[in-house]
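A short worksheet on the structure shown next.
Computed from a predicted structure; not experimentally measured. For this chain, numbers begin at 1 and follow the sequence in order.
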Amino acid sequence: ARPYRAAIAAAVLVLLAEAALALVGPALTERTIDVAIPHHDAALLTTLGLVYGVALLLSFAGEYAQTMLPTWVGQRVMSDLRSQLFAHLQQLSVPFYDRQPVGRLVTRVTSDVETLNELFSSGVVTVIGDIATLVAISAMMLAINWRLALAAFAVLPFMFLAVALFRTRMRSAFSDARAAVAHLNTYLQEHLSGVRVVQLFNRRAATAARFGTINRELYAANLRSIALYALLFPVVEFLTSASIALILWYAGFRAAGLGLTVGVLAAFIQLVRRFFQPLQDLSEMFNLLQAAMASGERVFRLLDTPVEIASRSDGVVLPADTPGEVVFEDVWFRYA
């Protein structure tokens, strides 16, 4: 990604601006409920509405740039990676291809690289933006009322515990899924290339049965990863609701002592919703990260395969139009 650091920096700046815009709505809500409406200040209400409209337009533009820039970087990085993989594969010796099925190598260059592309397109830069949003919202919550903020943060240890419990299991499930995809592609490549042999020896039924077994292995591996993700996301949603419930409970008992107004409470609930939205996004990114790590291990293991036969450093590279011919003299052949 280093050649595209300017585009990545621009994407990060856009995400930081999005993090700042996330604070506009709650601040305007508090001002509207506590000041404009009680005082029947139509001018202030109009001004706040216009400011909110401008913030929405800026957020719209930011969302567009936030989608386009990382996607462009991801596509460029993956294009470079595919070219590097193909160039490396061309340098590996023939014995390497005797040991490695072609279908497995095709999976490395296509499916595994595409999984890494998803990480670059919607993962790495988005994580930076989500963290910036969390920091900005946390600071505003603490500034408004640090006691309510601590009540909202009380569920965070349970969030970290849930992620820690799911991490190892999801990593293993995604690794199994990528291995199953490679196995399936290998089987397809071998049997479609040798379809004449399959038909001549009447092995169609046995081949189809074996394919069904491999296909079910892939189905089961994907189902395990989906089942784990299906558990993680509701846990995050439950903790979000629990945090809001804690705020309402605490505010109900301590409203007088905390000096709370309706506007402050409404703004705080908005902030909590926006605080947990990046956490939900990060839980999705965690799911994507586990898949990308499983694919990344396979891709870079292939790139790290040493080239057994390398060109000599003092070798002479002949021009393409060099005249000459290849002559076979005293060449013979026989069966031993």
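Between the CZ atom of R224 and the OH atom of Y219 there is a distance of 11.5 Å, given to the nearest 0.5 Å. With values rounded to the nearest 0.5 angstrom, L69 atom CG is found 9.5 Å from Y64 atom OH. Rounded to the nearest 0.5 angstrom, L239 CG and F158 CZ are separated by 8.0 Å. For the atom pair R203 CZ and R210 CZ, the distance stands at 12.0 Å (nearest 0.5 Å). Here CG of L150 is found 12.0 Å from CG of L246. Values are rounded to the nearest 0.5 Å.
Between the side chain of H88 and the backbone N or O of L302 there is at least one donor-acceptor pair closer than 3.5 Å. Under the 3.5 Å distance criterion, the side-chain polar atoms of S79 are left unmatched by any main-chain donor or acceptor of Q75. Although no hydrogens or angles enter the test, the distance criterion places a donor-acceptor pair under 3.5 Å between the side chain of T186 and the main chain of A182. For the pair R76 (side chain) and V73 (backbone), a donor-acceptor distance under 3.5 Å is absent. Using a distance-only test at 3.5 Å, with no hydrogens or angles considered, a donor-acceptor pair links the side chain of Y97 to the main chain of L89.
The shortest distance between side-chain heavy atoms of L142 and F153 falls below 4.5 Å. V54 is not listed as a side-chain neighbour of L50, based on a closest heavy-atom distance of 4.5 Å or more. At a threshold of 4.5 Å between non-hydrogen side-chain atoms, the residues V272 and M141 count as touching. Two residues are said to be in side-chain contact when any heavy atoms from C-beta on lie closer than 4.5 Å; E18 and L21 meet this criterion. The shortest side-chain heavy-atom distance between L81 and L303 falls under the 4.5 Å cut-off. Counting only heavy atoms from C-beta outward, the side chains of E114 and M78 never approach each other to under 4.5 Å. At least one side-chain heavy atom of Y4 sits under 4.5 Å from a side-chain heavy atom of D80. For the pair Q189 and P101, the minimum side-chain heavy-atom distance is 4.5 Å or more.
Scanning both residues, V109 and L85, for their nearest heavy atoms gives CA-CD1, 4.1 Å. The nearest pair of heavy atoms linking V14 to G62 is CG1-O, 3.5 Å. Taking each heavy atom of G25 and Y52 in turn, the nearest pair found is CA-CE1, 3.9 Å. Across all non-hydrogen atoms, the minimal contact from P26 to L271 is CG-CD2, 3.6 Å. Residue R204 comes nearest to V198 through the heavy atom pair N-CG1, 3.9 Å, listed as atom of the first residue, atom of the second, then distance. Closest approach of A152 to S243, counting heavy atoms only: O-OG, 3.0 Å.
At a threshold of 4.5 Å between side-chain heavy atoms, the hydrophobic network of Ile, Leu, Val, Met, Phe, Trp and Tyr places F96 and V102 in two separate groups.
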